[in-house]
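Working notes for the structure below.
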Amino acid sequence: MMIEIKNSIIKSVNDVLSALSYPEKDYTLTPPKKSKFGDLSSNIALLLAKDLKRSPMDIAKLIADKLKSDFNENISNISVTNPGFINFKINDDYFRSQIKLILNSSSQYGKGNIGNSKTANVEFVSANPTGPLTVGHGRNAILGDTVSNILEWQGYEVTREYYFNNAGRQMRILAESVEARYFELLGEDLNMPQDGYQGDYIIKIAQNILDVEGKELEHGTDIFKVTAEETMFNKIKNSLKNLEIYFDQFTNEKTFYENGDIDTFMNELRDKDLIYEKENATWFKASSLGKTQDKVYIKSSGEPTYRVPDTAYHRDKIKRDYDLIIDVFGADHADAYPDVIAALEALGHNTNHIKILIYQFVTLLRDGQKVKMSTRKADFVSLDDLIDQVGIDVVRYFFIMRSMNSHLDFDLDLASDQSDKNPVYYLQYAHARICNIISRANDLEFALDDGFDPSYLRHDEELNLLKYMVRFPEFVNIAYENLEPQNIANYLQELSARFHKFYNSCRVITDNMELSKSRLAIVKAAKIILANGFNILGISAPERM
RNA sequence: GCCCUCGUAGUUCAAUGGAUAGAACAAGUGCCUCCUAAGCAUUAGAUGCAGGUUCGAUUCCUGCCGAGGGUACCA
């Protein structure tokens with residue numbers, strides 16, 4: 001692995017530094033952007049220049065000379081370039097030797113072991129079942145699922161969890177909206193609650209209740225709420241299924257009222273003098289924990305705010321003893337979680353293993369105008385419609401190729417137009433091309449079984465492809481450390497570009513049997529990496545397009 | 001007002017504090033007797049403004065301008 005060479009160079013550099021009595025620095029050793037600077041490059045001399053009061057170039061040359069006297073067998077050249085970088089060129093044979101490793105590791109290539117025998121909980125989507133999932137929820141769903149995949153690639157056992165509020169105001173209004181439609185269907189005047197849900201799907205639920213239960217239902221019966229929740233949840237689960245997202249656990253806030261966790265939690269905060277009454281409401285004294293303002297915990301209406309069950313829920317997750325707890329929230333929740341964390345810490349819980357991922361909103365454009373999405377006003381674009389229009393791979397890739405921090409624009413009018421040009425096809429096409437080559441080779445009875453000689457791979461484009469292939473584990477790890485899926489999307493984009501270039505200048509199936517076998521090996525290895533990357537991103541690896 | 005995120009090419013987005021800021025779409029020009037042209041090659045085009053830290057800033061800090069989100073009883 002690349003990491004071994006890196007470590008051996010770092011050790012050599014450190015030996016030289018101590019031999020010269022140079023101070024320790026937190027220097028880098030990374031692949032430079034331009035291949036002419038070699039395969040690994042260090043800034044150590046630049047960092048030492050000030051302390052040593054010498055020019056970085058002089059220092060770099062001195063260190064490079066010392067390093068050359070103790071040559072690592074995998075290093076073919078060490079050079080110094082302005083303004084003072086030390087560049088290492090790795091033997092091509094080293095890269096060539098990696099093909100066999102990739103072929104042998106196959107679907108395991110790129111996996112890490114950081115999460116071995118560890119557990120993680122990823123909470124995402126968590127939309128209340130008051131309406132269909134929207135395009136906005138799509139970003140959350142795909143981000144959460146992909147982050148889960150990334151953790152699984154590091155060995156974590158991941159629980160994908162969906163948390164929803166079914167005891168609060170929103171669900172009450174949903175039930176009232178359905179009830180209003182039910183009695184409207186029976187000929188009464190429409191009596192929508194204030195802030196009622198306007199969507200047509202409410203009427204369908206009411207009609208369904210009418211068909212099943214008849215017209216004798218009384219005002220205020222539970223059936224409206226129960227049926228509405230169940231209907232919406234089935235719809236949501238179906239939308240998620242369309243994206244191939246499956247949850248291990250659904251948790252609702254009612255649980256924590258019923259099992260007494262919320263009472264316990266409130267009492268403990270009260271004991272710590274963090275709860276007080278004011279203006280008919282019950283307050284959490286967040287200000288005494290360093291927050292800017294206190295928060296309402298129980299409204300004057302008697303209903304708790306979402307913070308209360310949310311905090312009890314997070315406490316429950318902590319008690320379930322995960323090594324890592326991740327929440328995926330939209331930017332509108334950015335202000336809420338610090339209070340939850342503060343309350344948990346006040347109760348003596350360690351929260352260092354809780355990571356909150358905040359993603360920015362998707363701005364939808366229709367006819368060049370921004371569309372303000374509102375489930376309540378039924379002004380939204382459903383995730384299902386989008387998937388129908390462009391397909392799962394395009395939707396997943398679209399949301400993953402951008403950083404969660406970017407406020408991205410999504411032009412609905414261009415969505416299907418752009419779907420033909422979506423970059424995901426560029427990646428998948430590389431995979432399909434390889435599959436085609438392999439099937440051609442099989443027809444011609446090329447066999448890899450009797451081995452191949454990697455030294456035939458001498459073309460610039462072969463090495464260019466190969467050198468990037470071996471960096472796959474590195475990028476999988478970067479994506480894990482940042483919890484940023486787009487690192488992998490970017491990698492696959494560049495890998496595909498290098499493959500397509502290779503494809504254009506190197507024929508795999510030729511008259512030269514030995515060369516062909518070697519090239520067949522490298523494209524099979526490339527196919528493995530593409531497929532593994534697609535696997536993490538949750539997109540398909542088509543054999544033909 | 002205050003807090004969070006963002007501002008990069010005509011457009012949508014990339015870029016662990018590094019070397020000549022990358023793609024895609026849109027625009028221009030080439031390449032299919034040859035494993036799929038959903039491709040390759042090639043031209044043009046960008047870091048909001050003003051300071052600061054640093055050998056080096058798209059990246060870190062301050063101010064301003066602009067966008068999105070939040071802001072004590074929606075979640």
Side-chain angles (χ1 to χ4, degrees), chain A residues 28 30 32-34 36-37 41 43 45-47 49-50 55-56 81-85 87 126-128 130 164-165 168-170 173 195 278-284 286-287 292-301 303-307 310 329-336 338 358-363 370 376 398 401-411 414 417-418 420-426 428-430 432-441 443-444 478 481-482 486-487 489-490 493-494 496-497 499-501 503-510 516 519-520 523 544-545:
Chain A
T28 58
T30 52
K33 279 183 197 157
K34 306 282 174 182
K36 68 174 178 179
F37 295 128
S41 192
N43 64 351
L46 293 156
L47 300 179
K50 196 169 194 179
S55 88
T81 50
N82 271 317
F85 289 104
N87 308 315
S126 292
N128 291 339
T130 56
F164 61 101
N165 301 105
R169 178 172 174 275
Q170 280 193 22
I173 293 173
D195 294 334
K278 189 178 91 180
E279 294 163 359
N280 269 332
T282 303
W283 294 69
F284 171 53
S287 60
T292 48
Q293 51 202 203
D294 294 346
K295 304 286 181 177
V296 171
Y297 259 18
I298 298 174
K299 297 182 249 181
S300 48
S301 67
E303 275 180 311
T305 60
Y306 68 94
R307 285 188 186 83
D310 268 19
F329 291 151
D332 55 338
H333 283 59
D335 254 16
I358 303 286
Y359 65 92
Q360 297 302 316
F361 280 176
V362 182
T363 304
K370 285 178 188 172
R376 194 175 52 71
F398 179 85
M401 63 189 288
R402 271 89 164 185
S403 155
M404 69 181 92
N405 287 326
S406 70
H407 304 256
L408 60 88
D409 286 353
F410 192 100
D411 191 324
L414 291 179
D417 276 1
Q418 282 182 345
D420 294 338
K421 298 158 190 157
N422 191 289
V424 73
Y425 295 133
Y426 185 78
Q428 292 179 318
Y429 187 49
R433 273 182 152 175
I434 293 173
C435 290
N436 195 53
I437 294 170
I438 292 171
S439 97
R440 274 300 192 97
D443 291 346
L444 298 171
I478 289 172
E481 284 180 353
N482 301 336
Q486 92 274 9
N487 295 138
N490 292 343
Q493 153 70 32
E494 173 66 21
S496 302
F499 168 76
H500 287 306
K501 284 191 219 299
Y503 182 91
N504 268 273
S505 45
C506 301
R507 270 193 76 82
V508 173
I509 296 168
T510 67
S516 295
R519 286 188 170 164
L520 201 50
V523 299
R544 69 190 66 218
M545 292 174 72

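Please read all numbers here as calculations on a predicted model, not as lab measurements. Just so it is clear: chains get the letters A, B, ... in the order the sequence lines come, proteins before strands, and each one is counted from 1.
G7(B) and C13(B): their C1' atoms are spaced 13 Å apart (whole Å). The same atom, P, is picked in G22(B) and in U43(B); the two are 13 Å apart, to the nearest Å. Using atom C1' as the reference point in both G28(B) and A9(B), the two lie 16 Å apart (nearest Å). Rounded to a whole angstrom, the distance from the C1' atom of G39(B) to that of C55(B) is 43 Å. Separation of the C1' atoms belonging to U53(B) and G68(B) is 30 Å when rounded to the nearest angstrom. A24(B) and A38(B) have their C1' atoms separated by 13 Å, given to the nearest Å.
For the OP1/OP2 pair of A37(B) and a distance below 4.0 Å, the side-chain nitrogens and oxygens of Arg433(A) include at least one atom meeting the criterion. Put simply, Gln493(A) has no side-chain N or O that comes within less than 4.0 Å of OP1 or OP2 on G22(B). At the phosphate of A75(B), OP1 or OP2 sits under 4.0 Å from a side-chain N or O atom of Lys299(A). Using a 4.0 Å cut-off, some side-chain N or O of Tyr426(A) falls inside it from OP1 or OP2 of C40(B). Using a 4.0 Å cut-off, some side-chain N or O of Ser406(A) falls inside it from OP1 or OP2 of A14(B). Considering only side-chain N and O atoms, Lys501(A) lies under 4.0 angstrom from the phosphate OP1 or OP2 of A41(B). A close approach under 4.0 Å does not occur between any side-chain nitrogen or oxygen of Lys421(A) and OP1 or OP2 of C25(B). Between Lys50(A) and the phosphate of C55(B), there is a side-chain N or O to OP1/OP2 separation shorter than 4.0 Å.
The base of U20(B) sits with one of its N or O atoms less than 3.5 Å from a complementary donor or acceptor on the side chain of Lys36(A). Side-chain N/O atoms of Ser41(A) and base N/O atoms of A19(B) include a donor-acceptor pair closer than 3.5 Å.
Within 4.0 Å of Asn82(A), counting heavy atoms only, lies at least one base atom of the nucleic acid. As judged by a 4.0 angstrom heavy-atom cut-off over every strand, Ile298(A) is placed among residues making no nucleic acid contact. Residue His407(A) is in base contact, counting any heavy-atom pair closer than 4.0 Å across all strands shown. Contact annotation for Ala432(A): base contact, defined as any heavy-atom pair under 4.0 Å involving a base atom. Residue Asp332(A) is in base contact, counting any heavy-atom pair closer than 4.0 Å across all strands shown. Counting any heavy atom pair closer than 4.0 Å across all strands shown, Ala281(A) reaches a base atom. Residue contacts shown for Thr81(A) include a base, since a base heavy atom lies under 4.0 Å away.
The glycosidic torsion of C25(B) lies more than 90° away from 0, placing the base in the anti range.
Aromatic ring pairs are classed by plane angle as parallel below 30°, tilted from 30° to 60° and perpendicular above 60°; the pair Tyr297(A) and Phe284(A) is parallel.
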Strand RNA chain B as a dot-bracket string - pairs counted if Watson-Crick or G-U with both distances under 3.5 Å, | where the partner lies in another strand:
(((((((..((((....[...)))).(((((.......)))))....(((((..]....))))))))))))....

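Residues forming a side chain to side chain donor-acceptor pair (under 3.5 Å) with Ser403(A) (at least two apart in sequence, or on another chain): none.
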